[in-house]
Amino acid sequence: MAAGQGEFRVPASEDEARLWALVEAAWAPLGPEVRQARGELVVRRSGSRADISVVAAALPAFLGILAGHCRGLPADELTSLDRVVERKLWELDRPDVHAVTGGSDDGFLYSRGFVVAMGREFCDAVTGDPEMAVPYAECEEMCYFFAHLHHERFGKFPDTRIRYLS
């Protein structure tokens, strides 16, 4: 079902599964060194320093591959994927995560984008233990990735922001 103007959606579990599958598919061609670097982010000791140089260097290629996988998706699917990213960013929008990642308001948003871009395992690790986050690691593009793809292909992005009941 296509999202109309002013329609509000909460992401479904299948939308979340689709996001994580796309993220993993985009990282896969980048090779064993990148796979190992991402894995080390998840298995390192909580609070220990993380070397993100390999994944940071691979982020532009990851984003390009992800865009390639998503260019043919219909408008409603891009909207649904954007809602999942929005929800993940919101779930990470906590003082304990900010205390580790640092940064201004925008920098903190981009740090949360990095967490999502690293995939489900890392996102779950940081959600469960903020000390697993990486200070000042950023991926601004991930925060708006699907909305920008939608805009490129279909024009104006529909107003489907999640309505939070907190």
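Side chains included, hydrogens not; waters and symmetry mates left out as well; all remaining heavy atoms used.
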With side-chain contact (heavy atoms from CB on, under 4.5 Å) as the test, would you mind laying out the steps for Leu73 and Leu81 before giving the verdict? CA-CA 10 Å; Leu73 295 178; Leu81 290 165; 3.7 Å; yes
Audit row: Arg94, Thr127, side-chain contact (heavy atoms from CB on, under 4.5 Å) steps and yes/no: CA-CA 9 Å; Arg94 305 180 343 219; Thr127 300; 3.8 Å; yes
Trace of the side-chain contact (heavy atoms from CB on, under 4.5 Å) decision for Ile65 with Phe62: CA-CA 5 Å; Ile65 294 167; Phe62 158 75; 6.0 Å; no
Given Ser111 and Val97, is the side-chain contact (heavy atoms from CB on, under 4.5 Å) satisfied, shown in steps? CA-CA 10 Å; Ser111 291; Val97 176; over 6 Å; no
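Nearest heavy atom pair, residue Leu22 against residue Cys70, reads CD1-SG, 4.0 Å. For Ala25 against Pro29, the heavy-atom pair with the smallest separation is O-CD, 3.2 Å. Closest non-hydrogen pair, Cys123 versus Val115, comes out as CA-CG1, 3.6 Å. The nearest pair of heavy atoms linking Leu30 to Ala58 is CD1-O, 4.0 Å. Across Val134 and Ala50, no two heavy atoms sit closer than the pair CG2-CB, 3.9 Å. The two residues Phe146 and Leu78 make their nearest non-hydrogen contact at CB-O, 3.5 Å.
A parallel orientation is assigned to the rings of Phe108 and His98, their planes being inclined by less than 30° (bins at 30° and 60°).
Once rounded to the nearest 0.5 Å, the distance linking CD of Glu77 with CG of Asp15 reads 8.0 Å. The CH2 atom of Trp90 lies 11.5 Å from the CZ atom of Arg112; values are rounded to the nearest 0.5 Å. The CG atom of Asp129 sits 3.5 Å away from the OG atom of Ser46 when rounded to the nearest 0.5 Å. Taken from CZ in Arg18 to OG in Ser13, the straight-line distance is 14.5 Å, to the nearest 0.5 Å. Here the CG atom belonging to Asp82 is positioned 13.0 Å from the NE2 atom belonging to His151, to the nearest 0.5 angstrom. The SG atom of Cys143 lies 9.0 Å from the CD atom of Glu138; values are rounded to the nearest 0.5 Å.
Open room surrounds CD on Glu121; 12 or fewer heavy atoms of other groups in view lie less than 6.0 Å from it.
Residues satisfying the ring-ring contact (aromatic ring centres under 6.0 Å, His included) test with His148, not counting sequence neighbours, are Tyr144.
Between the side chain of Thr101 and the backbone N or O of Pro135 there is no donor-acceptor pair closer than 3.5 Å.
Residue pairs meeting the salt bridge (Lys or Arg N to Asp or Glu O under 4.0 Å) criterion with at least one member in residues 28-51, sequence neighbours excluded: Glu24-Arg38.
Of the N and O atoms on the side chains of Glu16 and Trp20, at least one donor lies less than 3.5 Å from an acceptor on the other residue.
The side chain to side chain contact (heavy atoms under 4.5 Å, CB included) test with Val116 singles out one residue from Leu89, Val23, Val84, and that residue is Leu89.
Using a 4.5 Å heavy-atom threshold, the side chains of Leu66 and Met142 count as touching.
Phe154 and Phe145 fall within a single hydrophobic cluster, where Ile, Leu, Val, Met, Phe, Trp and Tyr side chains are chained together by heavy-atom contacts under 4.5 Å. Under a hydrophobic clustering in which Ile, Leu, Val, Met, Phe, Trp and Tyr are joined whenever their side-chain heavy atoms come within less than 4.5 Å, directly or via other members, Val55 and Val100 fall into different clusters.
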